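Starting from 1, each residue takes its place in the sequence as its number. Computed from a predicted model, the values in this text were never measured in an experiment.
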Amino acid sequence: MLKLLVRLSGATVCLALAALIGYILANGAAGITAEFLTTQTSYVHDTIGILPNILNTLYIVLVAMVIAIPFGTCAAVYLNEYASNKRVVRAIGFAVETLTGIPSVIFGLVGMLFFIQIMGLQAGILAGGLTLVVMVLPTIISNTLESLKTVPDAYREGSLALGGGKWHMIRTVVLPNAIDGIATGCILAIGRIVGESAALLYTAGFGLILNSFMTALSSSSATLTVALYVYATERGELSVAFSLATILLILTLLLNIAATLCARKLGTKEG
């Protein structure tokens with residue numbers, strides 16, 4: 001009976017996912033054309049294009065992950081390998097858990113207040129990316145920390161016994177064996193970045209104009225999720241919204257595959 005319930009639960013989850021993806025693809029695939037993917041929205045020609053939104057999404061993933069991965073990994077290494085004060089460890093753990101439970105719209109309001117009003121940044125990819133860094137740090141730290149804990153202490157002791165220093169041991173033994181957990185945290189973080197909209201409404205803006213990377217850092221730039229929100233709610237273009245949702249699914253899948261392949265290659269080289 002228990003085996004039947006477990007299998008039924010697994011099948012239900014798979015069917016729900018397949019139904020959701022199938023419904024989105026059925027309603028959005030027809031609207032995806034070359035013009036839709038390679039142009040920008042023009043009010044003069046009455047056309048809709050999402051190339052700026054695709055590029056803005058890639059820009060913000062790049063900015064957020066370049067900052068979040070080193071900080072998150074270093075924080076996890078400190079907690080697992082260096083921290084000896086249990087009170088400090090508990091305080092940092094509490095902060096990480098608290099950040100995980102905060103609604104994304106709160107991050108957006110705080111990001112707008114701190115990065116835009118206090119620091120003087122313009123609404124754009126940089127302000128949005130910095131806000132997302134704070135959002136995804138708990139995910140990266142938690143997954144990296146759990147992965148570091150699974151590395152056997154015998155590996156550490158063997159490296160130290162051979163005369164290696166602690167940092168050399170962490171860099172050459174611990175991190176390569178924890179690369180799977182680090183990659184998992186990065187994949188989850190990328191998924192949240194790509195699917196985030198509430199925080200970016202206040203920090204990245206609604207701009208649908210095609211900008212270069214440097215210009216987009218300080219210019220209002222809507223990602224795919226923000227554009228989906230705009231077309232679905234403010235303009236009532238549900239067909240465009242479903243097409244955007246389809247592109248989001250494909251883009252998230254491609255980013256996850258790329259992150260997994262990079263982690264595997266890095267693990268092979270380190271091994």
Side-chain angles (χ1 to χ4, degrees), residues 16-66 122-129 132 136 186-201 203-265:
L17 177 62
L20 179 62
I21 294 176
Y23 183 76
I24 293 175
L25 292 177
N27 288 275
I32 300 176
T33 62
E35 182 182 3
F36 183 71
L37 295 174
T38 59
T39 62
Q40 61 179 325
T41 298
S42 173
Y43 297 102
V44 175
H45 300 93
D46 194 23
T47 58
I48 295 176
I50 63 168
L51 179 60
N53 310 119
I54 295 175
L55 294 178
N56 291 336
T57 302
L58 296 177
Y59 293 159
I60 209 163
V61 168
L62 176 63
V63 170
M65 296 306 292
V66 164
Q122 297 294 323
I125 296 299
L126 182 58
L132 292 178
V136 302
C186 293
I187 290 171
L188 293 174
I190 290 173
R192 184 168 187 184
I193 291 172
V194 172
E196 185 56 50
S197 60
L200 298 178
L201 292 174
T203 55
F206 297 83
L208 302 176
I209 301 174
L210 181 63
N211 293 316
S212 64
F213 175 73
M214 298 305 298
T215 304
L217 290 176
S218 56
S219 300
S220 180
S221 305
T223 61
L224 284 170
T225 49
V226 174
L228 190 154
Y229 170 81
V230 171
Y231 285 117
T233 58
E234 295 186 0
R235 300 189 181 184
E237 298 280 355
L238 293 181
S239 59
V240 177
F242 273 111
S243 297
L244 281 167
T246 303
I247 298 299
L248 273 171
L249 286 175
I250 297 173
L251 182 61
T252 303
L253 177 62
L254 293 176
L255 289 173
N256 288 348
I257 292 174
T260 303
L261 292 177
C262 290
R264 288 180 180 177
K265 288 184 177 181

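For the residue pair Gly207 and Asn53, the shortest heavy atom distance occurs at O-ND2, 4.4 Å. Of all heavy-atom pairs between Gly129 and Ala64, the closest is O-CB, 3.9 Å. Nearest heavy atoms, Leu238 versus Ala232: CD2-O, 4.1 Å. Closest heavy-atom contact between Thr246 and Ala29: OG1-N, 4.1 Å. Between Gly28 and Ser243 the shortest heavy-atom distance is O-OG, 3.0 Å.
Distance alone, capped at 3.5 Å, is enough to place a donor-acceptor pair between the Glu196 side chain and the Ala198 backbone. With hydrogens and angles disregarded, a donor-acceptor distance shorter than 3.5 Å links the side chain of Thr41 to the backbone of Gly49.
Scanning for side chain to side chain contact (heavy atoms under 4.5 Å, CB included) contacts around Leu248 gives Val194, Leu224, Thr225, Leu228, with sequence neighbours left out.
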(request) Just do the side chain to side chain contact (heavy atoms under 4.5 Å, CB included) check on Thr252 and Ile190 with the steps written out, would you? (result) CA-CA 8 Å; Thr252 303; Ile190 290 173; 5.9 Å; no
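Between the OG1 atom of Thr223 and the CZ atom of Phe206 there is a distance of 10.5 Å, given to the nearest 0.5 Å.
Leu132 places none of its side-chain heavy atoms less than 4.5 Å from the side chain of Thr203. Using a 4.5 Å heavy-atom cutoff, the side chains of Tyr229 and Leu200 are not in contact. Two residues are said to be in side-chain contact when any heavy atoms from C-beta on lie closer than 4.5 Å; Ile50 and Leu37 meet this criterion.
Partner of Ile193 under the side chain to side chain contact (heavy atoms under 4.5 Å, CB included) criterion, chosen from Leu62, Val61, Leu188: Val61.
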Can you give me every donor-acceptor pair (side chain of residues 209-219, partner residue at least two apart or in another chain, under 3.5 Å) with its distance?
| unit_1 | atom_1 | unit_2 | atom_2 | d |
| --- | --- | --- | --- | --- |
| Ser212 | OG | Thr215 | N | 3.4 |
| Ser212 | OG | Thr215 | OG1 | 3.0 |
| Ser219 | OG | Thr215 | O | 2.8 |

